[in-house]
Amino acid sequence: MLDREALIQENIMQGMSEGVMTIGLNGIINYLNPAALHILGYRETDLLYQNFGMCFFDREENDAFTQAILDAVYDRGHAHDTIVPYSTLQETRRLRVVTSYLQNGAERIGIIVVLSDLTELTELQDAVKAMERIRALNEQLELRNTLLSETFGRFLSDGIV
């Protein structure tokens with residue numbers, strides 16, 4: 001039976017909206033929480049205890065994602081934090097990928113990957129930018145209409161203008 005601390009940690013991992021995945025130094029995926037499976041678009045049996053390379057390297061559209069993981073392996077000096085596109089079979093998402101070494105005391109035992117799905121946030125940011133552009137274009141149009149009205153209003157009746 002799990003001790004109290006392990007039970008609390010497991011409940012936290014299961015309830016997180018961020019995905020958590022650990023990969024051993026041998027390349028085997030050792031842990032995925034439900035959010036990681038959802039974000040990556042896989043079932044647990046597809047990834048758990050499988051070789052990371054065998055699961056992800058054949059998907060060229062996800063090269064930036066796999067490179068983010070490889071960067072953590074090859075650059076051991078610090079944690080990595082990047083935003084990458086990631087394609088599931090249904091959609092393309094924008095993921096924030098934070099990676100660092102997983103340690104047991106001073107011994108490095110693997111890589112920990114924290115995934116956040118930023119797709120909705122980036123879509124909202126894009127929509128806000130589009131609305132701002134529309135607002136600017138509308139202001140330009142109103143300015144032109146005012147200028148036309150003032151210019152031709154001197155010479156023509158209001159109905160024609």
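None of these values were measured; they are calculated from a predicted model.
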*Would you give the length of the straight line joining atom CG of Asp117 to atom CD of Glu91, rounded to the nearest 0.5 angstrom?*
7.0 Å
*List the steps, then state whether side-chain contact (heavy atoms from CB on, under 4.5 Å) holds for His80 with Val97.*
CA-CA 8 Å; His80 293 264; Val97 180; over 6 Å; no
*Quick one: list whatever passes salt bridge (Lys or Arg N to Asp or Glu O under 4.0 Å) with Glu44, sequence neighbours left out.*
none
_For Asn62 against Ser87, the heavy-atom pair lying closest together_ = OD1-N, 2.6 Å
*What pair of heavy atoms forms the shortest contact from Gly24 to Asn30, and how long is it?*
N-ND2, 3.1 Å
*For the pair Thr66 (side chain) and Phe57 (backbone), establish whether a donor and an acceptor sit closer than 3.5 Å, ignoring hydrogens and angles.*
no
*When rounded to the nearest 0.5 angstrom, what is the spacing between CG in Leu70 and CD in Gln67?*
5.5 Å
*Taking side chain to side chain contact (heavy atoms under 4.5 Å, CB included) as the test, write out the residues that go with Leu47, two or more places apart.*
Ile29, Leu32, Leu37, Leu40, Tyr42, Cys55, Phe56
*Heavy atoms, side chains only, cut-off 4.5 Å: are Ile28 and Phe52 in contact?*
no
*asked:* Could you measure the distance from the CE atom of Met21 to the CG atom of Leu48? Nearest 0.5 Å is fine.
replied: 11.5 Å
*Run the side-chain contact (heavy atoms from CB on, under 4.5 Å) check on Thr99 and Asp71 step by step: do they pass?*
CA-CA 9 Å; Thr99 57; Asp71 287 347; 5.9 Å; no
*Give the cluster check for Ile111 versus Val98: same hydrophobic cluster or not, with ILVMFWY residues linked at side-chain heavy-atom distances below 4.5 Å.*
no
*From Leu118 atom CG to Leu95 atom CG, the distance as rounded to the nearest 0.5 Å*: 7.5 Å
*Which atoms form the tightest heavy-atom contact between Pro85 and Thr92, and what is the distance?*
CB-CG2, 4.4 Å
*What orientation do Tyr86 and Phe65 show, parallel under 30°, tilted 30 to 60°, or perpendicular over 60°?*
perpendicular
_Flag side-chain contact, heavy atom, 4.5 Å: Leu143 against Gln140_ = no
*What heavy-atom pair brings Ala79 and Ser100 nearest, and what distance separates the two atoms?*
CB-CB, 3.8 Å
*Roughly how far, to the nearest 0.5 Å, is NE2 of His38 from OG1 of Thr88?*
9.0 Å
*Heavy-atom count around Tyr49 OH within 6.0 Å, excluding the residue itself: above 12?*
no
*Distance, nearest 0.5 Å, that separates CG of Leu102 from CD of Glu107*: 10.0 Å
_Closest contact, heavy atoms only, Arg108 versus Leu25_ = O-CD1, 3.2 Å
*Measure across Asn33 and Glu18 and return the closest heavy-atom pair with its distance rounded to 0.1 Å.*
ND2-O, 3.0 Å
